[in-house]
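Data block below; observations after.
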Amino acid sequence: QLINGDAGAKKTTCFCFPDTSANQTPLQQNLNKLGARIGILAIIICIGIFIIGWLTDRKDPSNPDSPAWLYMILVSVTLAVAAIPEG
């Protein structure tokens, strides 16, 4: 039943179109898997960059008094945000 006029306040559901939200094409499924793999790989690389930078005592060039771990967290989070795909 379609909603029009005064009957619009009842909010009945129209079953005119099939629900296709659960059905994904094989391409969409493969793209979701690829996005998950890229995200996991990006997180692993960012953790590695953090550990290497922290162990080598890499400091912020603009603020050498700040601790190395704080600068490396900033760099790692920045890389993760840039590398992890949307969705």
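Model, not experiment: these values are computed from the prediction.
Linking ILVMFWY residues whenever their side-chain heavy atoms come closer than 4.5 Å, directly or via other members, places Phe50 and Leu41 in the same cluster. Linking Ile, Leu, Val, Met, Phe, Trp and Tyr residues whenever their side-chain heavy atoms come within less than 4.5 Å leaves Ile49 and Ile52 in two separate clusters.
How far CG of Leu79 is from CD1 of Ile45: 9.5 Å, rounded to the nearest 0.5 Å. Between Ile38 atom CD1 and Ile43 atom CD1 the span is 12.5 Å, to the nearest 0.5 Å. Expressed to the nearest 0.5 Å, how far CD of Gln24 lies from CG of Asn32 amounts to 5.0 Å.
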Just list the side-chain donor-acceptor pairs under 3.5 Å for residues 66-78, sequence neighbours left out, or say none.
| unit_1 | atom_1 | unit_2 | atom_2 | d |
| --- | --- | --- | --- | --- |
| Ser66 | OG | Asn63 | O | 3.0 |
| Ser76 | OG | Cys46 | O | 3.3 |
| Ser76 | OG | Met72 | O | 2.9 |
| Thr78 | OG1 | Leu74 | O | 2.7 |

